[in-house]
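What follows is a single structure, written as C-alpha cells, with notes after it.
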Amino acid sequence: MSETFTQPMMNRPGVPQVSLLTVTSNSPVARQVYRMTLKGDGVQAMVEPGQFVHIKCGSSASPLLRRPLSICDVDRKKRELTIIYRVEGEGTRYLSTLQSEDMVDVLGPLGNGFPLGNRDKADRVLIVGGGVGVPPLYYLSKCLSKRGARVTHILGFNSQEDSFLTDDFHQLGETYVTTMDGSLGHKGIVTDIMAHWPPESWQAVYACGPLPMLKAIEQHMAGAYQTEVYLSLERRMGCGIGACLACVCHTPDSAISYKKVCTDGPVFKLGEVIL
Amino acid sequence: MSETFTQPMMNRPGVPQVSLLTVTSNSPVARQVYRMTLKGDGVQAMVEPGQFVHIKCGSSASPLLRRPLSICDVDRKKRELTIIYRVEGEGTRYLSTLQSEDMVDVLGPLGNGFPLGNRDKADRVLIVGGGVGVPPLYYLSKCLSKRGARVTHILGFNSQEDSFLTDDFHQLGETYVTTMDGSLGHKGIVTDIMAHWPPESWQAVYACGPLPMLKAIEQHMAGAYQTEVYLSLERRMGCGIGACLACVCHTPDSAISYKKVCTDGPVFKLGEVIL
Amino acid sequence: MTTSAKRRLEVQLGPVRLKNPVMPASGCFGFGREYSRFYALDRLGAIAIKATTKEPRFGNPTPRVAETPAGMLNAIGLQNPGLEAVLEQELPWLAQFDVPVIANIAGSTVDDYVYVAEKISTAPNVAALELNISCPNVKCGGIAFGTDPHIAAQLTKAVKGVSQVPVFVKLSPNVSNIVAIATAVEEAGADGLSMINTLLGMRIDLKTKQPILANGSGGLSGPAIKPVAIRMIYEVSQHVSIPIIGMGGIQSAEDVVEFFLAGASAVAIGTANFVDPYICPKIIDELQSLLDRMGVEYIHDLTGMGWKHGSAKA
Amino acid sequence: MTTSAKRRLEVQLGPVRLKNPVMPASGCFGFGREYSRFYALDRLGAIAIKATTKEPRFGNPTPRVAETPAGMLNAIGLQNPGLEAVLEQELPWLAQFDVPVIANIAGSTVDDYVYVAEKISTAPNVAALELNISCPNVKCGGIAFGTDPHIAAQLTKAVKGVSQVPVFVKLSPNVSNIVAIATAVEEAGADGLSMINTLLGMRIDLKTKQPILANGSGGLSGPAIKPVAIRMIYEVSQHVSIPIIGMGGIQSAEDVVEFFLAGASAVAIGTANFVDPYICPKIIDELQSLLDRMGVEYIHDLTGMGWKHGSAKA
Ligand SMILES: Cc1cc2nc3c(=O)[nH]c(=O)nc-3n(C[C@H](O)[C@H](O)[C@H](O)COP(=O)(O)OP(=O)(O)OC[C@H]3O[C@@H](n4cnc5c(N)ncnc54)[C@H](O)[C@@H]3O)c2cc1C
Ligand SMILES: Cc1cc2nc3c(=O)[nH]c(=O)nc-3n(C[C@H](O)[C@H](O)[C@H](O)COP(=O)(O)OP(=O)(O)OC[C@H]3O[C@@H](n4cnc5c(N)ncnc54)[C@H](O)[C@@H]3O)c2cc1C
Ligand SMILES: Cc1cc2nc3c(=O)[nH]c(=O)nc-3n(C[C@H](O)[C@H](O)[C@H](O)COP(=O)(O)O)c2cc1C
Ligand SMILES: Cc1cc2nc3c(=O)[nH]c(=O)nc-3n(C[C@H](O)[C@H](O)[C@H](O)COP(=O)(O)O)c2cc1C
Ligand code: FES
Ligand code: FES
C-alpha cells in the first residue's frame with residue numbers, strides 16, 4: 001500500500017499525504033450517523049479546522065473513488081483524528097462496518113479550512129451548523145475557544161434522533177439547537193435563532209451545512225460588512241487535490257472565473273463564490 | 001442478505017442453498033495456502049466428499065463472481081466445514097484476510113462428488129492428489145476409511161513448502177508424497193509412485209489435481225477395466241448450478257454432446273468426458 | 001393485499017401484460033430448470049430463455065468466462081439444444097409454471113431466424129420473441145445484424161412476417177448510434193426493444209500471455225456496464241414509442257428503478273443470478289418496499305420520469 | 001543499475017522516446033502542478049496535459065462526476081484556461097521537469113484544432129499532440145469527429161499539415177467499428193493512436209429522479225472499462241503499424257502488462273490518480289519487479305504478444 005512509497009514530506013503539518021490509519025473506535029451517535037476515531041502518524045499533519053480528509057472505502061475497485069469527510073477533531077498527542085459521518089451510500093455504509101484495529105487509507109489534510117484570524121477575548125463569534133455540516137465546526141470551536149473568543153453555536157437537525165455533539169458544543173459555549181419537528185430545542189431552522197441578534201453583533205460567522213441554509217445565512221448577513229463570514233461548501237469530488245475540476249463553483253468576476261471547492265475551499269469568504 | 005429470503009429446503013442434505021457461515025479459523029498451512037473453517041446450520045447439507053461450495057468474496061460488486069472451492073472436511077456435529085485454498089487472485093486474497101467471527105456467503109453443496117460405491121474391507125483403494133486438488137480427497141478418504149476400505153494415498157506437491165495435510169493423510173492410511181524438487185518424499189510426480197503397482201491392483205482409484213496429472217492417470221489406468229476410476233475436474237465457472245454453460249466439457253458420444261462440470265461433475269468416471 | 005398493492009408491480013409490454021416487471025435475462029437462466037430448485041418460477045414476471053437456434057449447438061471451447069472489475073466476460077457461443085428439443089422438452093416443461101416465456105432466438109441468416117421464429121412463436125406459453133441480433137460471440141454470426149440499421153430492420157420485418165406473437169428486438173450496445181438502430185427496427189414493425197446486450201471485451205492472462213477466453217473476446221456484463229445501459233435507454237426511449245425491457249448490471253431494486261426512470265417498462269436480470277440464485281424474487285419483494293419509501297403507487301408510472309419532467313438532456 | 005536495467009522500461013513511440021511507458025492521462029492530472037506536491041514529475045515517462053482549446057472554457061455545470069460500479073462518470077466539459085494561458089504559464093512551468101509533454105487538444109471545428117495545434121506544437125517541451133476527437137462531454141463538440149472515419153481522417157490530415165511534432169489521435173470507443181476509424185486516421189498521417197477515451201454513460205438519482213450529472217450523460221472511466229479497452233487495442237493493433245498509447249482503467253503494473261500484451265507501446269493512467277495520487281511512480285517501480293518475475297528483459301518486447309504468437313483471434 002501507499003506507505004511503502006516514499007513520501008518526501010511525511011507528517012508535516014498541512015501537507016497532504018496518504019496514510020494508513022488504524023480505527024480505534026467506530027460507533028453510532030445518531031440515526032445513521034457514526035463517529036470514528038483513527039490513529040496514526042499521519043494525523044500530525046492535520047492542523048486546520050475546516051479541512052477534510054479523503055477516504056478510500058475498502059480495497060476493491062468498487063466503490064472506486066475516495067469519500068470526502070470533514071475533520072471533526074484532532075488529538076495530536078494521541079495521534080488521533082475524529083470524523084463523524086452519516087451513512088448515505090456504499091462508501092459510508094462500508095465505513096460503518098469497520099471495527100477497532102481495521103486499517104483505513106486516508107488522504108489528507110485537504111483544502112483550506114476556517115481562517116481563525118485574530119480572534120481574541122473581545123470577539124463575539126457565531127458558529128452555525130446543519131446536519132452533517134456540524135462536525136468540522138466542533139474542531140473550529142475548540143480552536144476559537146482556546147484563543148478566548150466568546151463563541152455562540154446554533155446547530156440545526158431534522159429531529160432529536162438525528163442530533164449529535166450537542167453536549168460537546170454546550171461545553172464550549174452558548175449553544176442553541178433547532179429541529180424541524182421540535183423534538184429537541186427550538187422547532188424550526190437555524191436562521192430563526194440567528195434573527196435574535198442584529199447581524200453586526202458578530203465579529204465573525206462560520207457556517208457549514210446544506211445549501212439552502214448557507215443561502216439563508218448569506219441573505220441574513222448581506223448588509224453586515226464589518227462581519228467576516230465564512231461558509232463551507234460541499235461538492236461531488238474526484239481527486240480532492242485540485243486536478244480534475246469536478247468540484248468547481250462560479251465566482252462573481254466573470255462567466256468563466258471559478259474556484260475549486262477541494263483546494264480553494266471548502267471554506268470561502270462570503271461573496272467569494274456564487275452559492 | 002440471503003438468509004432473509006425464504007429457502008424452502010433449508011439445510012436438507014445435498015440440496016444447494018445460500019447460507020451465511022461464520023469463520024471460526026483461518027490460517028496458513030503452506031506457502032500461500034490457507035485452511036479456513038466455517039460454522040453454521042448450512043453445513044448440515046454438506047454430505048458428499050468431492051462436492052464443492054461457491055463462495056462470495058466480499059460484499060462489493062468487485063470481485064463479482066463466486067469462487068468454487070472444494071469441501072475438504074465436514075464436522076456435522078460441530079456444524080463446521082473446512083476448506084483449503086491457495087491464494088491465486090483477488091477472490092482468494094480476500095478470503096485470506098478474513099478473521100474469526102467474519103461472515104461468509106456460501107452457496108452449496110454443489111456438484112456430484114466421489115461415489116463411495118460398495119467399498120468395504122476387502123477393497124484396496126488408491127487416492128491420488130496434486131496441489132490444491134488434494135483438499136477434497138481428505139474428506140473422501142475419511143469416508144472410505146469409515147467403511148473400512150484399505151486406502152493408499154499419493155500426494156504430489158511442488159516442494160515441501162507447498163505441501164499440506166500430509167500428516168492427516170498418514171493417519172488415515174499408507175501415504176506417499178512426491179515433490180518436484182525432492183524437498184519432501186519422492187522427487188518426481190505422482191505417477192512415478194503409481195507405477196509401483198499394476199493398475200488392476202486397485203478396486204477403485206480417485207484423483208483430483210492439475211489436468212496433466214489427470215491425463216497421466218487416465219493413460220496409466222487405460223487397460224484396467226475392472227477398476228473404477230474417478231477424476232475430479234476444474235473449470236472456470238459462472239453460476240455453479242448448471243445454468244450458464246460456462247463449465248462444459250465434451251463427451252465421447254458426439255461433437256455436440258457435453259457434460260457440465262458444476263452439476264454433472266466435478267467428479268467423472270474415467271472416459272465419461274474428454275479431458 | 002389490496003387490489004392496488006397486488007397490481008402496483010404490473011406492467012404492460014405492448015400487448016403483453018406481466019404481473020411484475022422482473023425477468024431473468026436470456027442465457028443467464030438456461031430454461032429455468034436449475035433455478036426451479038431454488039424457488040417457484042411462477043413468482044417471475046416472465047422468463048427469457050436461452051437463445052434458441054435451428055440446430056443444436058455446442059458453442060465455444062472453454063474457458064468461456066473470465067472476471068473483470070465489477071463484471072464478467074462470456075463467450076458461451078450460443079450453446080443450446082436446438083429448436084426441436086426446445087419445442088418438445090423445454091417449453092412443455094416450463095408450461096407447468098404460470099409465467100410467460102420470452103423466446104430469445106438467434107441465427108446466422110435471415111432464413112434461420114425466420115425458421116425458428118415461425119415455429120417457436122406457436123408454442124402456447126411463448127408470449128413474445130426476443131431477436132438476438134447482437135450476440136458478439138459467434139463468428140460471422142449475429143454481430144452484423146445488430147450494427148447496421150438496414151440489416152436490423154430487414155431481419156425485424158422478416159421475423160414479424162411469420163411470428164404469431166409480439167417481437168422484441170435485442171439491441172447491441174457496440175454501435176456508434178443506438179438511436180438509429182432503434183428507430184429503424186421500430187419502423188420495421190418491432191413491438192418492443194430489449195437493451196442492452198453485452199459490450200465487447202477481452203482479458204489477457206499474464207501467465208499464458210494469451211486471451212483468457214478460448215474465443216479471444218467475449219461479452220461484458222454485470223454492474224460495470226450499468227451506466228452504459230442507462231445512457232442508451234435514456235436516449236432511445238425519447239425517440240421510440242415501443243416499450244423497452246432494460247438490462248445490464250441490475251443487482252437491486254434500486255437499480256430496477258433507475259432503469260425505469262431512464263425509460264424501461266420492464267427489466268431483465270442476467271449476471272446477478274450467478275452471484276445470488278434468489279436475486280429475482282428478492283428484487284421483486286424489495287421493489288414493493290422501495291416503492292413505498294419513494295411514495296410511488298404503480299411502478300409503471302416511473303417509466304421515463306428521468307427525462308419526462310426534467311430539463312437535462314443526454 | 002546496469003544499462004539494461006535502466007533501459008528495460010524505455011519505449012519508443014514512433015519518433016518519441018520515453019524513459020518509461022507510464023504517463024498520466026489527459027484531464028486526470030491537470031497541468032501537473034497538483035501532483036508535483038506528491039512526487040517529482042521527472043519520474044514520469046511523459047505527461048498528457050488537460051485538453052487545451054483556443055479560448056478558455058468554464059465547462060459544464062456541477063455535479064460533474066458520479067460514481068458507478070468500479071468506475072466513474074465525468075462531464076467536466078473541457079474546462080481549461082485556453083491556449084494562451086497554457087503557452088504562457090502551464091508549459092513553461094512544466095519545462096522545469098525533464099519530462100516530455102503530450103499536448104491534448106480539442107475544438108469544435110477543424111479550424112479550432114488547426115489553430116491550437118499550430119501554436120502549441122511549437123512549445124519546446126511539447127513532444128507530441130494528442131487529438132481529442134472523442135470527448136463525449138461537449139455538446140456539438142468532439143463526438144462527431146471520432147465516430148466517422150472520413151471526418152476523423154480529414155481532421156487528422158489538417159492537423160498533421162501544421163504540427164511541428166508527431167500527432168497521436170485519441171479514439172472514441174463509442175463506435176461500431178473501431179478498426180475502420182483507426183485505419184482511416186493512420187492513412188491520414190497519424191503518428192500514433194491513444195485509446196480509449198471514455199464510454200458514454202449515465203446515472204440517475206432515485207431521490208431527484210434526474211440524471212446525477214448536470215450534463216445528463218458523461219464519460220465512463222476506471223477499471224469497469226478495462227476489458228473494452230483491451231479488446232479494442234487487441235483488434236486495432238493487428239490492423240495498424242503506428243504505436244498505441246493504451247488507457248482505460250489501469251490500476252496496477254499487471255494492468256500495464258495486459259495492455260502491452262494487447263498491443264500497446266505505452267500507457268496512460270487516468271482515474272487511478274484520483275484514488276491514489278502516487279499511482280504513476282508506484283506502477284513504474286512495480287513494473288521493474290513484475291518484469292523480473294515474468295522473466296522479461298525489455299517491456300517493449302511485450303507489445304502485441306497476446307496475438308503475435310498465439311492462435312486466438314478477437
Ligand atoms: C468537503 C466535504 C466534507 C464533508 N464532510 C462530511 C462530514 O463530515 N460528514 C458527513 O457525513 N458527510 C460529509 N460530506 C459528505 C460526504 O462526502 C458524502 O455523504 C459521502 O461522500 C457519501 O458517500 P457514499 O458512498 O456513502 O454515498 P454514495 O451516494 O454512494 O456516493 C457516490 C458518490 O457521490 C459522492 N457524494 C455523494 N453525496 C455527496 C455529498 N453530499 N457531498 C460530496 N460528495 C457526495 C461520493 O463521494 C461518491 O463519489 C462532506 C463532503 C464534502 C465535499
Ligand atoms: C470444482 C472446483 C473446486 C476447486 N477447489 C479448490 C480448492 O479446494 N482449493 C483451491 O485452492 N482451489 C480450488 N479450486 C480453484 C479455485 O476455484 C480458484 O483458484 C479460484 O477461483 C481463484 O480465484 P481468485 O479470485 O483467487 O483468482 P482470479 O484469477 O482473480 O479469479 C478470476 C476468475 O477466474 C476463476 N478462476 C481462476 N482460476 C481458476 C481455477 N483454477 N478453477 C476455476 N476457476 C478459476 C475464478 O473463480 C474467478 O471467476 C477449485 C476449482 C473448481 C472448479
Ligand atoms: C453467460 C451469459 C450468456 C448469455 N447468453 C445470451 C443469449 O443466449 N442471448 C441473449 O440475447 N443474451 C445473452 N446474454 C446477455 C444477457 O441476456 C444480458 O443482455 C446481459 O448479460 C446484460 O445483463 P446483465 O449485466 O444483467 O448480465 C448472456 C449473458 C451472459 C452473462
Ligand atoms: C475527470 C476526467 C477528465 C478527462 N478529461 C479529458 C480530456 O480533457 N481530454 C481527453 O482526451 N481525455 C480526457 N479524459 C479521458 C482520460 O484521459 C482517459 O482516456 C479515460 O479516463 C480512460 O482512462 P482511465 O480509465 O484510466 O481514467 C478525462 C477523464 C476523466 C476521468
Ligand atoms: S475534486 Fe478534483 S479538482 Fe476538486
Ligand atoms: S458454472 Fe454455470 S453451468 Fe456450470
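Protein chains get the first letters and strands the later ones, always in sequence-line order, with residue 1 at the start of each.
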Residues, nucleotides or ligands: over 12 heavy atoms within 6.0 Å of C/Glu254 CD: yes
Atom CD of C/Gln96 with >12 non-hydrogen neighbours under 6.0 angstrom: yes
Under 4.5 Å from a heavy atom of chain C, the part of B/Arg235 involved: side chain
Part of B/Ser257 lying under 4.5 Å from any heavy atom of chain C: backbone
Under 4.5 Å from any heavy atom of chain B, what part of [X] do you find: side chain, backbone, both or neither?
X: C/Ile279; answer: neither
X: C/Lys207; answer: side chain
X: C/Pro63; answer: side chain

Expected output: side-chain B/Ser62 to main-chain C/Ala70 donor-acceptor under 3.5 Å: yes
Any donor-acceptor N/O pair, C/Arg64 side chain to B/Leu245 backbone, under 3.5 Å: yes
On a heavy-atom basis, which atom in [X] and which in [Y] lie closest, and how many Å separate them?
X: B/Leu64; Y: C/Gly222; answer: CD2-CA, 4.4 Å
X: B/Val248; Y: C/Gln79; answer: CG1-OE1, 3.6 Å
X: B/Ile241; Y: C/Glu34; answer: O-CG, 3.1 Å

Results of side chain to side chain donor-acceptor pair (under 3.5 Å) for C/Thr68 - residues two or more places apart only: none
Under the side chain to side chain donor-acceptor pair (under 3.5 Å) test, residues paired with C/Glu67 that sit two or more places apart: B/Arg67
Top contributor to chain B interface from C/Ala272, C/Ala66, C/Gly71, C/Pro61 [non-hydrogen pairs under 4.5 Å]: C/Gly71
Rounded distance (nearest 0.5 Å) linking atom [atom1] of [X] with atom [atom2] of [Y]:
X: C/Met72; Y: B/Cys244; atom1: CE; atom2: SG; answer: 6.0 Å
X: B/Arg236; Y: C/Leu213; atom1: CZ; atom2: CG; answer: 8.5 Å
X: C/Phe38; Y: B/Leu107; atom1: CZ; atom2: CG; answer: 5.0 Å
X: B/Cys239; Y: C/Asn273; atom1: SG; atom2: CG; answer: 9.5 Å
X: C/Phe274; Y: B/His54; atom1: CZ; atom2: NE2; answer: 10.5 Å

Ring geometry between B/Tyr258 and C/Phe58 (parallel below 30°, tilted from 30 to 60°, perpendicular above 60°): perpendicular
Side-chain heavy atoms of C/Thr62 within contact of B/His250, under 4.5 Å: no
Audit row: B/Met237, C/Val65, side-chain contact (heavy atoms from CB on, under 4.5 Å) steps and yes/no: CA-CA 7 Å; B/Met237 292 185 176; C/Val65 295; 5.9 Å; no
